[in-house]
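Numbering starts at 1 and runs along the sequence shown.
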Amino acid sequence: MSQLMDIQEFKEKYLMEANRRFFHPLGLKLEVKPDHSLEIEDHREHGCGLKFGFDDKPEEIKEKFREMHAYVEEEFNKRKHKEIVV
């Protein structure tokens, strides 16, 4: 049985990593707007992917990314050999 995820939870736990792993390499950026609507920026016409740069980011942003990355890695590992057909 499936259920809907709260958009704020998605934004806080998965969005940055979803962008980094999937959308950015395709030249896309998924964003959750303040009203909780989704927006997809399209940069595909440039012929290359996007990169999430950290060099100029404050340490708190870097730490948040490390936490999100670790969380998603843990989630992948929990589900590595379990699949549900939808």
Any side-chain to backbone donor/acceptor pair from D42 onto L28? Under 3.5 Å, distance only.
no
Between E59 and R66, does at least one N-O distance fall below 4.0 Å, as a salt bridge requires?
yes
Mind checking side-chain contact (heavy atoms from CB on, under 4.5 Å) for Y71 and listing every partner two or more places apart, or none if nothing turns up?
K13, Y14, E75
Less than 3.5 Å apart, any donor N or O on the side chain of E45 or H43 sitting next to an acceptor on the other?
no
Between K33 and E31, does any side-chain N to carboxylate O distance fall below 4.0 Å?
yes
Minimal non-hydrogen separation, P25 against N19, with atom names:
CD-O, 3.8 Å
From CG (L30) to CD (E39), nearest 0.5 Å:
9.5 Å
Could you state the interatomic distance from CD (E12) to CD (E67), rounded to the nearest 0.5 Å?
11.5 Å
L38 and I7: side-chain contact (heavy atoms from CB on, under 4.5 Å), yes or no, with the steps?
CA-CA 9 Å; L38 297 177; I7 195 72; 4.0 Å; yes
With sequence neighbours excluded, tell me which residues meet side-chain contact (heavy atoms from CB on, under 4.5 Å) with H69.
E17, R20, R21, F65, E73
Do Q8 and H36 come close enough that some side-chain heavy atom pair is under 4.5 Å?
yes
I'd like to check K29 versus F23 (side-chain heavy atoms, cut-off strictly below 4.5 Å). Are they in contact?
no
Are the side chains of F10 and D6 in touch, meaning some heavy atoms are under 4.5 Å apart?
no
